[in-house]
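Positions are given from 1 along the sequence.
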Amino acid sequence: MKVRLEYRQQNTGYKVKMVEQEVTDIRRHNTTKFNFIGDDYVTNGPVTAWRASIVRGKDELVAYKSYIWE
């Protein structure tokens, strides 16, 4: 199972970037954290919109998004 985060940053306009984190120890309450630091943050700015989903294989099981995600 994977946690997928799609996001936009302040200086990239509508360009969507994506990162994924594999979850191997699945429990009732897992926490996944993503950090946006370093050169990418300095160049592209803070995250302004995001969409997080849990994916198993090719199936999206659930998704959460920020209120400004289109």
Any donor-acceptor pair under 3.5 Å linking the side chain of [X] with the backbone of [Y]?
X	Y	answer
Asn30	Val23	no
Ser66	Trp50	yes
Thr43	Asp39	yes
Gln9	Gly45	yes

With rounding to the nearest 0.5 Å, note down the distance linking [atom1] in [X] to [atom2] in [Y].
X	Y	atom1	atom2	result
Leu5	Met18	CG	CE	10.0 Å
Arg56	Ile26	CZ	CD1	7.5 Å
Thr32	Ile54	OG1	CD1	8.0 Å

Point to revise | Salt bridge flag under 4.0 Å for residues Glu60 and Lys2 | key: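 So Glu60 does not pair with Lys2 through a salt bridge.
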
**Study point:** Cluster check Val55, Tyr64: I/L/V/M/F/W/Y, side chain < 4.5 angstrom
**Key:**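 They do not share one cluster, since no chain of ILVMFWY contacts under 4.5 Å joins Val55 to Tyr64.
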
Point to revise | Audit row: Met1, Leu61, side chain to side chain contact (heavy atoms under 4.5 Å, CB included) steps and yes/no | key: CA-CA 10 Å; Met1 209 175 307; Leu61 303 178; 4.0 Å; yes

Check your understanding: Are Phe34 and Tyr7 close enough that their ring centers fall under 6.0 Å?
Key ->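 Phe34 vs Tyr7: aromatic centres not under 6.0 Å.
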
Just wondering, do [Y] and [X] contact through their side chains at under 4.5 Å, heavy atoms?
X	Y	result
Val16	Trp69	yes
Pro46	Tyr41	yes
Val3	Glu22	no

Exercise for review: Please go through Ile37's hydrophobic cluster and name the other residues, only I, L, V, M, F, W, Y counting, with side-chain heavy atoms under 4.5 Å joining them.
Suggested key: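 Under the 4.5 Å side-chain rule, Ile37 groups with nothing.
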
**Study point:** Set of residues satisfying side chain to side chain donor-acceptor pair (under 3.5 Å) with respect to Arg4, sequence neighbours excluded
**Key:**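 Residues passing side chain to side chain donor-acceptor pair (under 3.5 Å) with Arg4: Glu20.
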
Review point. Which is it for Lys17 and Asp40 under the side chain to side chain contact (heavy atoms under 4.5 Å, CB included) test, yes or no, and what are the steps along the way?
Key: CA-CA 11 Å; Lys17 295 183 177 183; Asp40 188 46; 2.8 Å; yes

Check your understanding: What heavy-atom pair brings Arg8 and Gly13 nearest, and what distance separates the two atoms?
Key ->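 Taking every non-hydrogen atom into account, CD-O, 3.6 Å.
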
